[in-house]
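To keep things clear, I will list the structure first and then write my remarks on it.
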Amino acid sequence: MAEPTPFPDLNAVLADFLASVQEILGENFCGAYLQGSFAVGDADEHSDVDYIVVTHADVSDGQVSGLQGMHERLFELETPWAQHLEGSYFPKELLRRVDLGRTPLVYFDNGETKPARDNHCNTAIVRWSLREHGVTLAGPEPKKLIDPVSADEVRNNVRIAMAEWVEYASMPTKAGGMSQRVQALIVLSFCRILQTLESGKVTSKKVAGEWALDALDPGWKGLIQQALTDRPDQWGQVHRPAAPEDVERTFAFIDYALSKASASG
């Protein structure tokens, strides 16, 4: 496997991950890919490691058990990359085209070693990002597995995602309030939603935030710039509460984004 990222420690984790997945899935393995920030750009040492594993058929209960054991083992490796793997196991026929029913998949969340059935990755956004920019770890190129995803399908998806982000913003965190990480994440995610509604394409949070500094009402520049500035230390911010005034401004920005999205159709 060619070096898929600029980070040697991560590449070692991915090589272990790939070999283990191929052994566990056997003939059911079709391909493995990076998506998310490592696909659309601007991944750094603080990024999640978003992946998709494509299978010929749904994974069996025995394979799920094997995958859980693998994730538990990888999580104990002495590198932070091993604690930030996040992805789904996607039957290739379901991956082929946008699934309006968003069938739940076997999914391992960031920082979790136990699988869930979740539709987190079963979106037009993931298909577009994977098809257009996915990093192949093994298997056929993504364009052979995924039909073209239209700009309207991507826009419809981010409108659904917008409602999910509103709900997420309202959830209490383990710390009893909104953390600095969540506050910045919400701001940049809504920037990305607005940019995608305009362009029909998906970019990184960093690119979307820089776009928003010029494209959105200047009154939001301070909030957006703060989110961009804070982004490199996102994992250090997990347990630090956001300032109340920043939380208030973030909810006001959500309202602004919702209004702007509504006006765009």
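All values below come from the heavy atoms of this structure, side chains included, with hydrogens, waters and symmetry mates left out. Throughout, residue positions are numbered sequentially from 1 according to the sequence presented.
The two residues Cys191 and Ala212 have their closest heavy-atom pair at SG-CB, 3.5 Å. Contact record, Thr136 with Gly139: CG2-O, 3.5 Å, taken as the closest heavy-atom pair. Val135 and Ala39 get closest at one heavy-atom pair: CG2-CA, 4.5 Å. Contact record, Thr196 with Arg155: O-CG, 3.9 Å, taken as the closest heavy-atom pair. Closest heavy-atom contact between Asn28 and Ala57: OD1-N, 2.8 Å. Scanning both residues, Ala261 and Leu197, for their nearest heavy atoms gives CB-CD1, 3.6 Å.
Of the possible donor and acceptor atoms, none in the side chain of Ser88 sits under 3.5 Å from a partner among the backbone N and O of Phe90. In this structure, Arg127 contributes its side chain and Thr123 its backbone to a donor-acceptor pair below 3.5 Å. When atom types are taken as modelled, the side chain of Glu153 and the backbone of Ser150 share a donor-acceptor pair closer than 3.5 angstrom. A donor-acceptor pair is defined here as one N or O able to donate and one able to accept, closer than 3.5 Å; such a pair exists between the side chain of Ser199 and the backbone of Lys201. Glu86 places no side-chain N or O within 3.5 Å of a backbone atom of Asp50 that could act as its donor or acceptor partner. With hydrogens and angles disregarded, no donor-acceptor distance shorter than 3.5 Å links the side chain of Ser129 to the backbone of Val126. Asn157 places a side-chain N or O within 3.5 Å of a backbone atom of Ile125 that can act as its donor or acceptor partner. Proximity of a side-chain donor or acceptor of Asp48 to a complementary backbone N or O of His84 within less than 3.5 Å is not detected.
Residues Gln226 and Gln183 form a side-chain contact, since some pair of their non-hydrogen atoms from C-beta on lies under 4.5 Å apart. Between Arg192 and Trp211 there is no side-chain heavy-atom pair separated by less than 4.5 Å. Between Gln180 and Pro241, the closest side-chain pair of non-hydrogen atoms is not below 4.5 Å. In this structure, the side chains of His133 and Phe38 stay at 4.5 Å or more apart for every pair of heavy atoms. Looking at Lys143 and Glu132, their side chains come closer than 4.5 Å, going by heavy atoms from C-beta outward.
In this structure, Phe253 and Tyr256 have parallel ring planes: the angle between them is below the 30° cut-off, well short of the 60° mark.
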For this session: Apply the test side chain to side chain contact (heavy atoms under 4.5 Å, CB included) to residues Cys30 and Val53: give CA-CA distance (whole Å), side-chain angles for both, the deciding distance (0.1 Å), then the verdict.
Result: CA-CA 8 Å; Cys30 178; Val53 172; over 6 Å; no

Exercise. Stepwise, does the side chain to side chain contact (heavy atoms under 4.5 Å, CB included) test hold for Asn119 with Leu105?
Worked result: CA-CA 6 Å; Asn119 63 11; Leu105 307 167; over 6 Å; no

For this session: Might you work through the side chain to side chain contact (heavy atoms under 4.5 Å, CB included) test for Thr55 and Lys92, ending with a clear yes or no?
Result: CA-CA 6 Å; Thr55 57; Lys92 67 179 182 181; over 6 Å; no

Exercise. Going through the checks in order, is the salt bridge (Lys or Arg N to Asp or Glu O under 4.0 Å) test met by Arg117 and Asp58?
Worked result: CA-CA 12 Å; Arg117 282 279 178 177; Asp58 203 358; 3.4 Å; yes

Problem set entry | side chain to side chain contact (heavy atoms under 4.5 Å, CB included) assessment of Thr113 paired with Leu74 | CA-CA 9 Å; Thr113 58; Leu74 291 177; over 6 Å; no

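Residue Asp61 places its CG atom among 12 or fewer non-hydrogen atoms of other residues, nucleotides or ligands, all under 6.0 Å distant. Residue Glu248 qualifies as open at atom CD: its count of foreign heavy atoms under 6.0 Å is 12 or below. Enclosure of atom CD in Glu245 by more than 12 non-hydrogen atoms of other residues, nucleotides or ligands within 6.0 angstrom is indicated. Within a 6.0 Å sphere centred on CD of Glu23, heavy atoms belonging to other residues, nucleotides or ligands number 12 at most.
With no hydrogens or angles considered, a side-chain donor-acceptor pair links Gln195 and Thr203 at under 3.5 Å. A side-chain donor-acceptor contact under 3.5 Å links Asp16 and Ser20. Looking only at atom types and distance, the side chain of Gln63 has no donor-acceptor partner in the side chain of Tyr89 under 3.5 Å away.
Salt bridge annotation for Arg131-Asp147: absent, with no cationic side-chain nitrogen under 4.0 angstrom from a carboxylate oxygen. With salt bridges taken as basic N to acidic carboxylate O contacts below 4.0 Å, none links Arg249 and Asp246. Under 4.0 Å is where a charged nitrogen must lie from a carboxylate oxygen, and between Glu164 and Arg102 at least one such pair does.
A centroid separation of less than 6.0 Å is found between the aromatic rings of Phe17 and Tyr51.
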